[in-house]
S.K.: 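Below is one structure. I have some questions about it.
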Protein chains: 2
Amino acid sequence: MVSIKDIAKKAGVSISTVSYALNGSSKVTDETSSKILAIAKELNYVPNAAARTLKKRESRILGVFLTDFKGDVYGDLLDGMKEVCNAQGYDLIVCSGKRSHRMLPEQMIDGAIILDQTFTSEELLTYAERNSKIVVLDRELDHPNINQVLLDNKAGATLATEFLLEMGHKKIYIVSGPEGSFDSNQRMKAVRMVADRAGDVEWIEIVGNFKKSGGERAAEQVINEYNGPAAVFCMNDEMAIGFCNRIAETDLKVGEHIHLIGFDNIELTNYMQPRLATINYSKRKWGALASEQLIKILAGEQVDHERIYVTLIKGESVRKYADAAKRTEHHA
Amino acid sequence: MVSIKDIAKKAGVSISTVSYALNGSSKVTDETSSKILAIAKELNYVPNAAARTLKKRESRILGVFLTDFKGDVYGDLLDGMKEVCNAQGYDLIVCSGKRSHRMLPEQMIDGAIILDQTFTSEELLTYAERNSKIVVLDRELDHPNINQVLLDNKAGATLATEFLLEMGHKKIYIVSGPEGSFDSNQRMKAVRMVADRAGDVEWIEIVGNFKKSGGERAAEQVINEYNGPAAVFCMNDEMAIGFCNRIAETDLKVGEHIHLIGFDNIELTNYMQPRLATINYSKRKWGALASEQLIKILAGEQVDHERIYVTLIKGESVRKYADAAKRTEHHA
DNA sequence: TTGTATGCGTTATCAA
DNA sequence: TTGATAACGCATACAA
C-alpha cells in the first residue's frame, strides 16, 4: 500500500504538503503540486478510505436498507436514490440482513434510508438518539434525526376500495400485509373508513405477508368460500400475483368471478392477463426524495416529512359487478 | 461519540484492557472484563468501523457491483451471495455506478464481485495488480487475484439454437447483447457453430443491448422483413420481453408467426402468454459460488475458475415450423 | 493480569 | 509556501 508518506519521501517534501497538494489546496506552489501529483500517479497512489473517514468523521456514503433483495419494487427506487446521492457527492450502498445494521452505528455510513422490516423502531430510535441520521420509508417515527418519506397509503387504499365499490361490488376481501406492518395498517384504516361509509358492503380481512405465498393462501380461502362474484384488494401486487397463480388452477376467472386490485404497479402487472388494476406511484421520485431529505438532514437543515402521491390504474382484472354476474350466469 | 478511551476512564483501567475485554481476550480477569462490558453497554459504546478497518487493514465487507439496479436477474443472485458472506462473517454491500468503483482500491471493501459493464477490464486488472481481490461474473480475466464464475454461455446458446432447429426452423434471427459484451460474444460463437453445422439455415444477427429497447428495435426489423414464420433468439429475457411488446402491436403472434426464445429465465417469463422458452440456471447458486470463491481468495487459497450450468426451458413461444406454417396458412 | 506505547493513513493546526 | 506534529479510535507488541 502506497501512502502519502511514500509520496512525501520520493518528492522530498513533508506529508502535509502532499496532503495539501492532493486535496488541491491553493497553499502550495503549482510547481511542487504538479510534481507531487505526478509522483502520486506514478506510484498508483489511492487514498485510504478508512483513514480519511476516521479523520474527517464522515464517509460520504449513504446506505439504503432493504428487507430483502428480491422485491420487484426496488429498481427505479434505488436508481432515484443513487442519482441524487451521486449528484451531491455521496455514494450509495445497498444493504440487507440483520448483520448489516451495524454499519449505521459504527459510522461506516453517514446516514441510512430504511425500507426494512428487520429494523425495529426501537433500534432506529436508539441509533437516532446516538446521532445517526435516518430517513424511514416504511413507518412513522418521531425524532429530530429521523425524517419520513411515506407513501400516501390512505389515499391509495381509498382509491382502490372506491374503485371496487364503483364497479358495483358488495363483497370485498382485503388481503393485508404482515402483522404490524405500518403500510398495511394505514391501508386497512382507509378501507374500513370507505367500506363503513358505503354501508351495505361485506368485507373480510385476510392476513397476508406481502409475498406471493400470502396471496396464494388468501386465494385458497376465497375459493373455498366462493358463492358468486367477489372483489379482492391485495395490499401489494406481489400478493396479487400469488393470488392469480392459485386462481389460475381453478375454473374461476379473474375479471369475471374474481375482481382483483393490487398496490405498487410493479412492472410485472403489465404482463398479466388480464391487466391487474393497481395503485401507482413514482418509485424513482420516492427514492430521489428520500436521498434529498437525508442529505439535507446531514447538512443540518430542518426538513418536514414528505408524502408520495398515488394514482389508480384501472385494469381488466376488475369489471362491473352486473356484467360479471351476467357472465357468471351465462357461464353456469 | 463514545470510544474505548471513555470506557477506560470510567472503569479506571487503560484503553488496552478495555480493548482486550471487548474483544473477549482471555488475558483479562472475568471481573474486570464484566465491569468493562457493563460500562460499555451503559455508555452505548459501538466500535468505530473506520478505526478498526484502518488498524486491522480489513473491513470484513465484500462488495458486489452491478451495471444498474434495474435488472430482473438480481434478487436470487444477491440473496445467494449474502447468505454465504454472512455465514463467513462478512457483510455484503451492493454498489452501482462509476463513482462507487473507488470503494475497491480505497479498501473500503475487502473484495469485489463484478457484474458490471461500467468496469473496464483494464481497470479491474489495475486493481488486481495492486492486490485487490476480485471475482468476475461477466468476463474472462486472467490474474492471480481474479477468479471467474461464469455462466456456461456456449452450452446455453447451443441448447437454444438446437431447440429452434429441432422445431424445424430455418430462418433464425439472433438478437445479441451490446457490442463487446463477453456473454453475448460467447453465445454468438455457439450459435454460429450450431447453425453452420446444420447447413441449410439462414441466420441474421441483430445487435441488441440486453434491454427492452433492444428487443423492440429488433422486432421492428423482423416485422419489416416478415415473409413467413421466423425464429428469434434474444440473448436475454429482457430483450425478449421488449420484442414481445412490439410484436403485440401487430397482427403477428408469438408461437405462431414468430418463434421466440430468451436467456435467463427471469421470473416475468412465467407470466408471459405464451410462456417464453428460455435458458435457465440457478441464480442463487451463481451468487453463492461467487462469494465462496472470493472468500477463498481472501483466505489465500488457490481456486480454479468455476462454471454455472444451464438448462433449456421449453415454452409455447416456440412451436414446430410445420404446425406454425399450417396455422399461418389457415390464418391467412 | 494490566498498562504503556506505537502505528494504521489521513487531515489540519500551528510554527517556521 | 512548507514542515513538524497532533489527533481520529482502535489493536497489539512489549513492559511491568
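What you see is a predicted model, and the numbers here were worked out from it, not measured in a lab.
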S.K.: Hey, could you give me each pair passing salt bridge (charged side-chain N to carboxylate O under 4.0 Å, His left out) that has a residue in residues 289-309 of chain B? Not counting sequence neighbours.
M.R.: none
S.K.: So, is the end of the A/K283 side chain (NZ or CZ) under 6.0 Å from the ring centre of A/Y281 and within 45° of the ring's axis?
M.R.: yes
S.K.: Report yes or no: do B/S213 and B/N209 form a side-chain donor-acceptor pair below 3.5 Å?
M.R.: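 Short answer, yes.
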S.K.: Check whether the side chains of A/S16 and A/S19 place a donor and an acceptor atom closer than 3.5 Å, and report yes or no.
M.R.: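 There is no such pair (donor and acceptor under 3.5 Å, judged by atom type) between the side chains of A/S16 and A/S19.
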S.K.: For B/E123, check side chain to side chain contact (heavy atoms under 4.5 Å, CB included) against everything at least two apart and list the hits.
M.R.: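 Counting only residues at least two positions away or on another chain, B/E123 forms a side chain to side chain contact (heavy atoms under 4.5 Å, CB included) with B/K98, B/H101, B/F119, B/T120, B/Y127.
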S.K.: Rounding to a whole Å, what distance do you find between A/M1:CE and C/dG9:P?
M.R.: 6 Å
S.K.: Which atoms of nucleotides 13-16 of chain C (N or O only) lie under 3.5 Å from a protein N or O atom, and what are those distances?
M.R.:
| unit_1 | atom_1 | unit_2 | atom_2 | d |
| --- | --- | --- | --- | --- |
| C/dT13 | O4 | A/Y20 | OH | 3.1 |

S.K.: Base, sugar-phosphate or nothing for A/V46? Non-hydrogen atoms, less than 4.0 Å.
M.R.: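 Sugar-phosphate contact only - A/V46 comes under 4.0 Å of backbone atoms but never of a base.
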S.K.: Under 3.5 Å, is there a donor-acceptor pair between the B/D183 and B/S181 side chains?
M.R.: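 Result is no, nothing qualifies.
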S.K.: List the residues meeting side chain to side chain contact (heavy atoms under 4.5 Å, CB included) with B/P144, not counting sequence neighbours, and say none if there are none.
M.R.: none
S.K.: Do B/D91 and B/R60 sit within salt-bridge range, that is, some charged N less than 4.0 Å from a carboxylate O?
M.R.: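 B/R60 and B/D91: not salt-bridged.
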S.K.: Only counting residues at least two apart or in another chain, list the ones meeting side chain to side chain contact (heavy atoms under 4.5 Å, CB included) with A/H305.
M.R.: A/D142, A/N147, A/Q148
S.K.: Contact boundaries of DNA chain D with chain A (under 4.0 Å, heavy atoms), 5' to 3'?
M.R.: D/dT1 to D/dG9
S.K.: Base, sugar-phosphate alone, or nothing: which one does A/S19 contact when heavy atoms must sit under 4.0 Å apart?
M.R.: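 Base, at least one base atom sits under 4.0 Å.
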S.K.: A/A8 and A/S14: which non-hydrogen atoms are nearest, and at how many Å?
M.R.: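 Closest approach of A/A8 to A/S14: CB-C, 3.8 Å.
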S.K.: If only side-chain N and O atoms of A/N48 are considered, is one of them under 4.0 Å from the OP1 or OP2 phosphate oxygen of C/dC8?
M.R.: no
S.K.: Taking salt bridge (charged side-chain N to carboxylate O under 4.0 Å, His left out) as the cut-off, I'd like each qualifying pair that reaches into residues 23-49 of chain A, sequence neighbours left out, listed once.
M.R.: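 Of all non-adjacent pairs touching residues 23-49 of chain A, those that pass salt bridge (charged side-chain N to carboxylate O under 4.0 Å, His left out) are A/K10-A/E42.
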S.K.: What residues in residues 28-38 of chain B put a non-hydrogen atom under 4.0 Å from any atom of DNA chain C?
M.R.: B/V28, B/T29, B/T32
S.K.: Under 4.0 Å, heavy atom to any atom of DNA chain D: which of residues 6-14 of chain B qualify?
M.R.: none
S.K.: Hey, are A/T32 and A/T29 close enough side-chain-wise for a donor-acceptor pair under 3.5 Å?
M.R.: yes
S.K.: For DNA chain C, which residues in residues 49-62 of chain B have a heavy atom at a distance below 4.0 Å?
M.R.: B/L54, B/K55, B/R57
S.K.: Any ion pair linking B/K133 and B/D110 (charged N to carboxylate O, less than 4.0 Å)?
M.R.: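 No, no charged N to carboxylate O under 4.0 Å.
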S.K.: Considering residues at least two apart in sequence or located in another chain, which fulfil the side chain to side chain contact (heavy atoms under 4.5 Å, CB included) criterion with B/S121?
M.R.: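 Counting only residues at least two positions away or on another chain, B/S121 forms a side chain to side chain contact (heavy atoms under 4.5 Å, CB included) with B/R139, B/L141.
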S.K.: Would you please name every residue forming a side chain to side chain donor-acceptor pair (under 3.5 Å) with B/R130, sequence neighbours left out?
M.R.: A/N44
S.K.: Between C/dT4 atom P and B/I15 atom CD1, what is the distance in whole Å?
M.R.: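 Taking CD1 of B/I15 and P of C/dT4, I get 10 Å after rounding.
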